[in-house]
Amino acid sequence: MRKLKLVMVGNGMAGCRTLEELIKLAPDMYDITVFGAEPHPNYNRILLSPVLAGEMTVQDIILNDWDWYRDNGITLHTGKTVVTIDRSNRKVIADDGTEAEYDRLLLATGSTPFILPVPGKDLPGVIAYRDIKDTNEMIDAAAKYKHAVVIGAGLLGLEAANGLALRGMDVTVVHIGEWIMERQMDPTSARMLQKALEAKNMQFRLAASTSELIAGESGRVAAVKFKDGETIPADLVVMAAGIRPNTALAEKAGLHCNRGIVVNDTLQTYDPRIYAVGECANHRGTAYGLVAPLFEQAKVCANHLAMFGIGRYQGSVTSTKLKVTGIDLFSAGDFMGGEGTEEIVLHDPGMGIYKKVVIKENKIVGAVMYGDTADGAWYFQLMKDAQDVHDIRDHLLFGKSHLGDVGHKGANSAASLPDTAEVCGCNGVCKGTIVKAIKTQCLFTLDEVRKHTKASSSCGSCTGLVEQILASTVGGAYTPADSNNKAVCGCTDLSHGEVRKAIRDNKLLTIPQAMHFMEWKTPNGCASCRPALNYYLISTWPHEAQDDPQSRFINERAHANIQKDGTYSVVPRMLGGITTPDELRAIADAADKYKVPTVKVTGGQRIDLLGVKKEDLPLMWADFAKAGMVSGHAYGKSIRTVKTCVGAEHCRFGTQLSMSMGVKLEKMLFGMWSPHKVKLAVSGCPRNCAEAGIKDVGVIGVDSGYELYVAGNGGIKTEVAQFFAKVKTDEEVMEYSGAFLQLYREEGYYLERTVHYVQRVGLDYVKSKVVEDAANRRALHERLLFALQGYKDPWQERTEGALKRPYIPIAVVA
Amino acid sequence: MSTAVMDTAIDWKRVCTLDEIPVLGSRVVRGTKHGDIAIFRTSDDEVFALHDKCPHKGGPLSQGIVHGKTVTCPLHSWKIGLDSGEAVAPDVGCTRPFAAKLENGVVWLSA
Ligand code: SRM
Ligand SMILES: Cc1cc2nc3c(=O)[nH]c(=O)nc-3n(C[C@H](O)[C@H](O)[C@H](O)COP(=O)(O)OP(=O)(O)OC[C@H]3O[C@@H](n4cnc5c(N)ncnc54)[C@H](O)[C@@H]3O)c2cc1C
Ligand code: SF4
Ligand code: FES
């Protein structure tokens, strides 16, 4: 087949990211030609600020070097500006006459700086701040001249001013607004920032409008004159008064433009052969000026160019950080507040800390923080996920760590951590390693950092910290992915919710069928998506979908926990934590017979035999089966334990028979697979000796019945269970708990524990489905019982026949 | 089949029939002079053999999840190429590959 021709105009960040994504998806579909007006390969424009500040060099910020274009067969024309698009003959023409034909054209022309239309704007020494050339000019000027004036106190203007001040110039920032960065900050935080910048040798003139730039004897700019007649000296004037989408070329070609080249959700312009991405594009009325949304556009555009046609760009929420070393500032969303909103403010002028969170209908709609921005990423995530914050309102401003994150208390300010501080305890990764990887490998997302450094890729408790490090290293370029829409893994662009829905709506029953239907990008997925798919299939279509052992993590495949030396641990079920002398004897005998090195009482009220050889597992299980003991599923995303206290059976305070209630629940749930593990506890009175307050379902006996609590978690991040319902009878406890767990099984995302599921959908929603709707509750409970019907003890099944085989190594006879 | 070496020059040992290894799964061959060797089967019925020891911390690769021509180690999720034994970037390391072949439904190993 003839390759299609793709031409790209504009060799910048959004365009090149689109090409990278496209090459990943369809490496051989297009012959690609790129025109770039600048004489450089694609570089990281964001990092011009550290270059100006002398913290990095131009060489450090190249994103795609010359080899990259060559290796990918891309024809690159640098230093050539495209001046005409000939749509009828489908070709573009550059200023030097170079032509290129296209089947698809991608416009990524970025923005042009807005230059104030004042007399003297064209004088030598008056520049904008946009590219390497401008940056070099500023560096040169700083070496020769004294006085610099920056017009505009937005992000760009302040970063320019900071760089010039660091290079020894006297810098005055002139701003028309009442306070600086008025598009990102409220007056209070802006004043705090201004004070800090003044301490870094920058002067400010607010509410000032420039009327003229005056030339000196040499013809170079020498002064800035204001409307009120005053003048100040200026050997260098940097215009940072805003940017305008660069649409000249598109307009000339007759493409519809309106503050940007107008594009649809697949980034196509009014001519469907022509796409536009980046700052030049206007999507649903917005032209973005930060890279995070542009990268999202790039992804969707590439997907469409590759003719996959499953991605849609639906707009982005953005947040801002200022990249001035030593200044901590974060802003997102509607930070000014106004009608219908409430503001929660913490202001400590002494410590230089200001935090404001704007809330509307119990959801965060904006935030601005100065001084301590450790929780910026967290607020931003809550905001993007539109999470109900009613319950955490009273300690919202004290931050995420205040909610009980074990392990990283006190060490939550990424910027202030030394490079040697260990960030990821699981993989032993320290801050310096992460920062270095972000800078040298040009990483922008959490996933990339995980891949390259392993940080946050295991237990995940340091994710927040890694996100902060990412945010403080790459500035506003970092956006946490919206956790509801995050793709399952690199094998698909679909999110967990979309995958669940497709499986339900189209009655998909096997993994190959599901992958085929959803156009998986890899032949058999990976170790992340296969277990998720397997769970979704069997939980959506019990008794119909095919369980695939090869898509289960080894523990679930082998029905035992793998240990670091490759042996396994065996935990027999002990319903409600209650055992008998006979069971204990069977355990002791097995421990002797199979030379078990360690026997331990677990935190789940039962006994763990650790260090069993794989080939002994079926033999040991056969012995247990004889003693009437079954698998404890200590290894599964499944029902684990129901802990109990002694309760009214013996205890002088007990109000309910907690042991027998626990046993009934554990029997009911035997064989239940779930998005993540599930733990219950039943206590006989509110003294709560079974610790029901941190369980997925906690049951507490009271004189008049039982109180039910849900969505607690005692693990990585301790979460207290929330009150769910008050019921009278044992049957009701079973029905309510069963219905709640079934709802979670049907709607939870793989590896999402009940606490995260309930946080995502809201406790009120869960109550409306289970507590308030009796018919639905019964239906859910019945679906659970149906799914669990006929479940056989997996251990006993594996004591003989073909199922035993995988446990036995093959001996080779010569 | 992953045999880079000439058939006649090596000493093949019969391991098992193909259907004794699950699709996208593995079996362990015990007692070779190189220790335990994991035999893998891919979705299109290719077979590969690797020393059953992850280059990271020695995890048993035979217990991992197989996808494409890669296995993900069960201990800390390194991905190891089945044909080369090389860890997939950004991880670095290599585990020893062995020649394996499939003939008339029978799996052979040279180790
Ligand atoms: C054996 C046991 C420790 C002990 O000796 O007491 C244990 C051992 C492991 N826990 Fe645990 N946990 C054990 C009770 C707990 C408890 C206490 C409890 O259940 O009451 C918790 C906190 C309660 C909770 O889960 O909410 C607990 C929270 C975790 C977590 C964090 C879960 C979270 O959502 O934050 C993990 C990691 C995970 O699941 O991803 C984990 C993971 C593990 C794993 C499976 C690690 C792994 O993936 O290999 C450990 C397996 C060791 C092995 O090879 O057997 N274990 N683990 C306990 C077994 C209980 C049982 O009888 O089934
Ligand atoms: C100093 C500075 C600091 C920044 N800091 C941040 C930050 O912290 N966080 C953040 O998210 N964003 C930041 N930005 C903004 C970010 O750099 C831009 O949003 C991003 O680069 C836009 O990408 P783009 O591909 O749309 O445009 P560009 O990267 O500008 O690329 C467009 C390219 O097209 C070329 N071009 C235009 N017309 C033609 C033509 N007709 N023919 C050939 N080539 C043409 C241009 O020369 C340019 O090279 C910063 C920008 C600057 C200047
Ligand atoms: S048993 Fe639990 S707490 Fe202990 S090391 Fe293993 S995972 Fe960590
Ligand atoms: S031992 Fe294999 S990944 Fe660590």
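Residue numbering restarts at 1 for every chain, and letters A, B, ... go by the order of the sequence lines.
Heavy atoms closer than 4.5 Å to chain B are found in the side chain of A/Tyr568, but not in its backbone. Of the atoms belonging to B/Val66, it is backbone heavy atoms, and not side-chain ones, that fall under 4.5 Å from chain A. Heavy atoms closer than 4.5 Å to chain A are found in both the backbone and the side chain of B/Leu24. Residue contact with chain A, scored on non-hydrogen atoms closer than 4.5 Å, is absent for B/Asp52. With a 4.5 Å cut-off on non-hydrogen atoms, A/Glu615 touches chain B through its side chain but not through its backbone. Residue contact with chain A, scored on non-hydrogen atoms closer than 4.5 Å, involves the backbone of B/Ser77 exclusively.
Summarising the local packing, CD of A/Gln563 is surrounded by more than 12 heavy atoms from other residues, nucleotides or ligands at distances under 6.0 Å. Counting non-hydrogen atoms of other residues, nucleotides and ligands closer than 6.0 Å to NZ of A/Lys614 gives a total above 12.
Per-residue heavy-atom pair counts under 4.5 Å with chain B were compared for A/Pro549, A/Pro531, A/Cys526, A/Gly566, and the maximum is reached by A/Cys526. Contact count versus chain B (heavy atoms, under 4.5 Å) is highest, among A/Arg552, A/Arg805, A/His452, for A/Arg805. The candidate from A/Lys451, A/Arg530, A/Lys564 with the greatest count of non-hydrogen atom pairs under 4.5 Å with chain B is A/Arg530. For the set B/Pro74, B/Gly31, B/Ser26, the entry with the most heavy-atom pairs within less than 4.5 Å of chain A is B/Pro74.
A/Tyr635 and A/Trp673 have tilted rings, their planes meeting at an angle from 30° to 60° on a 0 to 90° scale.
Taking 4.0 Å as the cut-off between side-chain N and carboxylate O, B/Lys53 and B/Asp36 do not count as a salt-bridged pair. Salt bridge annotation for B/Lys69-B/Glu46: present, with a cationic side-chain nitrogen under 4.0 angstrom from a carboxylate oxygen.
Distance CG/A/Asp616 to NZ/A/Lys595: 9.0 Å, rounded to 0.5 Å.
The closest donor-acceptor contact from the side chain of A/Trp795 to the backbone of A/His559 lies under 3.5 Å.
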